[in-house]
Chemist: 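Please read through the structure below; I'll follow up with questions.
Letters A, B, ... are given to chains in the order of the sequence lines, protein chains preceding strands, and every chain is numbered from 1.
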Amino acid sequence: MAPGMCAWNGAWHAKPGRGVIDGGDALQQEAAGRGDDDLAEKIGGDGLLVEILSRVPYKSLVRFKCVSRRWRRVISHPDHRNLLPRYQIQALAGFYTDYHIQSYDRQSMAHRFKAVPAPEPPPLIDPSFSFLPKCESLYLRDSCNGLLLCRCWKLNERKAFKTFNYVVCNPATKKWVVLPDSTWSRTKRPYLRFDPAVSSHFHVFELVQELVDYEEGDTDLDFDGDGHVLGLKVYSSKTGMWTEEIASRWGIDIKIQDGPESHLLAMESMVAVVDVEGKNWRTIPLPHKEGSPLCGAYPPYASYQEGFIDMSQGLLHFK
Amino acid sequence: MAAATDDAGDSNEMIRVVSSDGEHFEMPEAAANLSLVLRHMIEDDCADAAGIPLAVVAAKPLAKIVDYCTKHAAKSSGLTIEEAEELKRFDAEFIEVDTDMLYDLLVAADFMGVEGLSKLAVQRTADLIKGKTPEQNRETFGIVNDFTPEEEEEICKENEWAFQITKPPSRLC
């Protein structure tokens, strides 16, 4: 063994000193604008702080952005995203349910929230959405990564429901955004898309479908049609505006798969995909369909209705 | 390399370590092996009578770490439920220290590569800070608030909901 090997005195680990949590030298250097400090020290120190912060609840983590510049940098750094608690995982997961209350002359909606798994004590969630601006009738239409999309109906002067606003809210923070007035048509079907890992902005899609016959006297306010998709409009919270209607560029007939899980469109054993700007339109064959990379990996299905499709953590799942 | 081929658990050899402030400590080789850094030194035949110098670990935390390693090395594998629980109790008592010592242990355990102790200290720190306000954490760890008042207000405002724990939002941070 070379004698030099034994001269180790911790030099390769820089000088951890008191820099792990308080920022120490690194902090002063940053404050003085003298540029980067010793990289090894920075990585070593941040690693420990990340370890600690990975063990606090999400709410504490958000609060701690306010401790110092270094803490904010460590908490907000994209490399730490998967190591630190995230809202969807640490906070609350559950189901909101709507149910109708029918009285003599009108129907109203009530809402329930069921957290999964049921925490003890129950979460401080107000399922009546009392934090939202007042509306005559509120319908939940979609949810995505912690945000909810509702239709908030207004009465016009003849006491008839004609116009509404989409409201996107975060029940955990009780913040909400009211979208511009919309006029209801049974050919439109709304969806919410929000991915905090990509952007803090959300998008609301309104798929425009072919008008199909419906029964006279059908008064269900929030029944959305089931015709073929003709195109869509997109609202972006960044611009605060709806786009013009963009005609479908899928090239084939796409019909919305019915059922509560209809986040994506599936028909002809295809998943139809469109990006948030309405620019990129494509279809993905389902696993049992010829042309799919997974063809043969699954037993054939009698029809698409047996499949279940949804997104989770950036992956498309098919069952 | 003779030391490395011995069954560490049965080795009675004592390993000497020297703190940054010059104090000497001794622990069984099996205990020293719980530290990645010490294990590498022993494997490289660097452990001698003069002791392994730990240039950044002071005597106070080093004494604790020697205790921790000695206790855990003695009960390393094949624990009964009772022994495992006793070790858990030992850990819980061991980490009941003031914040200065906790801080020193955090840094030293990380530095010496004592995984179990590092996890214990990290968890303890997380438990200490999680219910606190940013200001309380600054006080606890001597952190300088280097935000301008405007910046601080903006961050607080952006994340207002996270501050609504026990106090009204009028005094956010």
Chemist: Working to the nearest 0.5 Å, report the span between CZ of B:Phe111 and CG of A:Leu48.
Modeler: 12.5 Å
Chemist: Is there a side chain to side chain contact (heavy atoms under 4.5 Å, CB included) between B:Asn145 and A:Val67 once you walk through the steps?
Modeler: CA-CA 6 Å; B:Asn145 179 3; A:Val67 168; over 6 Å; no
Chemist: With a 4.5 Å cut-off on heavy-atom pairs, point out which of B:Ala121, B:Ala126, B:Ala108 contacts chain A the most.
Modeler: B:Ala126
Chemist: I need the B:Ile143 CD1 to A:Arg69 CZ distance, nearest 0.5 Å.
Modeler: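 B:Ile143 CD1 to A:Arg69 CZ: 14.5 Å, rounded to 0.5 Å.
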Chemist: If you count every heavy atom of other residues, nucleotides or ligands that lies below 6.0 Å from B:Glu26 atom CD, does the total exceed 12?
Modeler: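 Yes, the 6.0 Å shell around CD holds more than 12 heavy atoms from other groups.
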Chemist: Distance check, rounded to the nearest 0.5 Å: B:Thr133 atom OG1 versus A:Phe64 atom CZ?
Modeler: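 One finds 8.0 Å between OG1 of B:Thr133 and CZ of A:Phe64.
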Chemist: Measure the CZ-CG distance between A:Arg63 and B:Asn137 for me, rounded to the nearest 0.5 Å.
Modeler: 8.0 Å
Chemist: Less than 4.0 angstrom from a charged side-chain N to a carboxylate O is my criterion; do B:Lys119 and A:Glu51 meet it?
Modeler: no
Chemist: Heavy-atom count around A:Trp176 CH2 within 6.0 Å, excluding the residue itself: above 12?
Modeler: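 Open.
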Chemist: Could you measure the distance from the CZ atom of B:Arg138 to the OG atom of A:Ser68? Nearest 0.5 Å is fine.
Modeler: 7.5 Å
Chemist: So how far is it from B:Lys130 NZ to A:Leu61 CG, rounded to the nearest 0.5 Å?
Modeler: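 Output value for this atom pair is 13.0 Å.
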Chemist: For B:Asp127 and A:Val56: C-alpha separation, side-chain torsions, deciding distance, then whether side chain to side chain contact (heavy atoms under 4.5 Å, CB included) applies.
Modeler: CA-CA 7 Å; B:Asp127 291 344; A:Val56 304; over 6 Å; no
